[in-house]
Number of protein chains: 2
Amino acid sequence: MATVTHDIGAYTLTVGEVAAAAGVAPSAVRFYEEHGIVRAERTAGGQRRFDDGAACRIRVAKVAQRVGLTVREIAEVFADLPPDPQPQDWGEVAEHLIAEAEARTAALKAYLGDMRSGAKLCEL
Amino acid sequence: MATVTHDIGAYTLTVGEVAAAAGVAPSAVRFYEEHGIVRAERTAGGQRRFDDGAACRIRVAKVAQRVGLTVREIAEVFADLPPDPQPQDWGEVAEHLIAEAEARTAALKAYLGDMRSGAKLCEL
DNA sequence: CCTTGACTTCAACATATGTTGAAGGCCGAG
DNA sequence: CTCGGCCTTCAACATATGTTGAAGTCAAGG
């Protein structure tokens, strides 16, 4: 198998390549690795090499941050992903993230709803 | 009108009272005032006095932060509230906040949905 | 009036989320 | 084998969101 630039499932991508693919700065990629959002192997010389899922995880993380999840929380959700995850594994992570986002939105609605229904939570 | 502790619509509450009512530290109340979440008048001696809406705004702000809104964004939404807001005014703010939360959740769903539908956004 | 608890400001610290710059090392194309 | 570009680490800076402590002031009950 003489794949040159793209060996799926292998740790071949540099920090810069992942950064470009994810739309973030290389420094952010290092930050995310440090915090468990992505994994990297190292070359003999000490350089990071990422697999194809890395940019994806980072893109998902950026969107998840917008709904109020912290990097730590996102890393915990991702921790359930096996190495080389299948679509189904991603599906479960997706459910988890969406459920969390909806729970938080529901909390907001509940609070604002109580407020409007004249419950004296907010004596305006 | 001999109201002692509670003159609705007036700026009579101390920072500590608002903090207790909102369930946050006094330092947080000062922080929120500094950033436009709440308003305060000052006594002749320079102490803050808040009205009844202050604790409410802070409670709403805390819930809104959980869905990813920043203090600045929340302050901007609250900026639409007139002094001494009516239930209807709060209703509009509530709609605004909920719409924002749902938009962000929708973005998350869309991204994760695209991912699962095999669009090569995420070459896992 | 006077005491005492709550208030004031300001600076430092703390955590989360990154960016930037310096000093140096790795690696692949030629 | 060498060179230029990307990589490394580390420290400092930056912003957001607060907390804590010191030093001093205000206000309300007795």
Side-chain angles (χ1 to χ4, degrees), chain A residues 2-7 10-38 40-50 54-55 57-78, chain B residues 2-7 10-38 40-50 54-55 57-78:
Chain A
T3 313
V4 178
T5 53
H6 192 92
D7 211 344
Y11 288 78
T12 57
L13 304 171
T14 68
V15 85
E17 287 164 345
V18 170
V24 302
S27 62
V29 174
R30 296 193 189 96
F31 178 83
Y32 290 132
E33 187 211 357
E34 209 174 333
H35 290 77
I37 299 289
V38 291
E41 293 186 340
R42 297 291 183 137
T43 65
Q47 297 194 356
R48 291 171 185 81
R49 291 297 182 265
F50 300 86
R57 283 163 175 253
I58 290 173
R59 282 186 182 278
V60 171
K62 292 308 280 182
V63 181
Q65 280 183 288
R66 286 280 291 174
V67 298
L69 293 166
T70 65
V71 165
R72 182 177 302 278
E73 286 167 339
I74 296 162
E76 277 165 15
V77 173
F78 282 178
Chain B
T3 315
V4 177
T5 52
H6 191 91
D7 210 345
Y11 287 78
T12 58
L13 304 171
T14 68
V15 82
E17 286 164 346
V18 169
V24 301
S27 62
V29 175
R30 296 192 188 96
F31 178 84
Y32 290 133
E33 187 211 358
E34 209 173 333
H35 290 76
I37 300 288
V38 292
E41 293 184 341
R42 297 292 183 133
T43 65
Q47 296 195 355
R48 291 170 184 82
R49 289 299 181 263
F50 300 87
R57 283 164 175 251
I58 290 173
R59 282 186 182 278
V60 171
K62 293 308 280 181
V63 182
Q65 279 183 287
R66 286 278 292 174
V67 298
L69 292 165
T70 66
V71 165
R72 182 177 301 279
E73 287 166 340
I74 296 162
E76 277 165 14
V77 174
F78 282 178

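Chain naming here is simple, since letters A, B, ... match the order of the sequence lines and numbering starts at 1 in each. FYI, side chains are in, hydrogens and waters are out, and symmetry mates aren't considered; it's all heavy atoms of this structure. All of these numbers come straight from a predicted model, not from anything done at the bench.
For A/Y32, counting side-chain heavy atoms from C-beta on, the closest listed nucleotide (D/dC7, C/dG18, C/dC7) is C/dG18. Ranking C/dA16, D/dT17, C/dC27 by closeness to the A/T43 side chain, first place goes to C/dC27. Side-chain proximity of A/V15 to the nucleotides D/dG18, D/dC7, C/dT19 is greatest for D/dC7. When each of D/dC26, C/dG18, D/dT8 is scored by its nearest atom to the side-chain atoms of B/Q47, the top-ranked nucleotide is D/dC26.
Along DNA chain D, the nucleotide closest to B/G46 and the one closest to B/V24 are compared, and the more 5′ of them pairs with B/V24. Along DNA chain C, the nucleotide nearest A/S27 and the nucleotide nearest B/F50 are compared for position; the residue whose nucleotide lies closer to the 5' end is B/F50.
Taken from OH in B/Y32 to CZ in B/F50, the straight-line distance is 12.5 Å, to the nearest 0.5 Å. Note that the CZ atom of A/R57 and the CD atom of A/E33 stand 11.5 Å from one another [nearest 0.5 Å]. One distance of note links OG1 of B/T14 with CZ of B/R48; it measures 11.0 Å at 0.5 Å rounding.
Regarding A/E41, its CD atom lies at a distance of 18 Å from the C1' atom of D/dT8, rounded to whole Å. Computed from coordinates, the A/H35 NE2 to C/dT19 P distance equals 13 Å when rounded to whole Å. If you take CZ of B/R49 and P of D/dA28, they are 7 Å apart, rounded to a whole angstrom. Following rounding to the nearest Å, A/E34 (CD) and C/dT15 (P) show an atom-to-atom distance of 15 Å. Between the CD atom of B/E73 and the P atom of D/dT17 there is a distance of 9 Å, given to the nearest Å. What separates CZ of B/F31 from P of C/dT15 is a distance of 17 Å, to the nearest Å. Residue A/E17 contributes atom CD, which lies 13 Å from atom C1' of C/dC27 at whole-angstrom precision. Summarising the geometry, the separation between CZ on A/R30 and P on D/dA11 is reported as 16 Å, rounded to the nearest angstrom.
The two atoms that bring A/A21 and A/R59 nearest to each other are O-NH2, 2.8 Å, heavy atoms only.
Contact annotation: B/Q65 side-chain N/O to D/dA16 OP1/OP2 distance is not under 4.0 Å. For the OP1/OP2 pair of C/dA6 and a distance below 4.0 Å, the side-chain nitrogens and oxygens of B/T14 include no atom meeting the criterion. In this structure, A/R42 reaches the D/dT9 phosphate: one of its side-chain N or O atoms is under 4.0 Å from OP1 or OP2. Note on B/K62: a side-chain N or O is less than 4.0 Å away from OP1 or OP2 of D/dG18.
Residue B/R48 is classed as a sugar-phosphate contact, given heavy-atom separations below 4.0 Å to backbone atoms only.
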side-chain contact (heavy atoms from CB on, under 4.5 Å) evaluation trace for A/V18 with A/V38 = CA-CA 10 Å; A/V18 170; A/V38 291; 5.9 Å; no
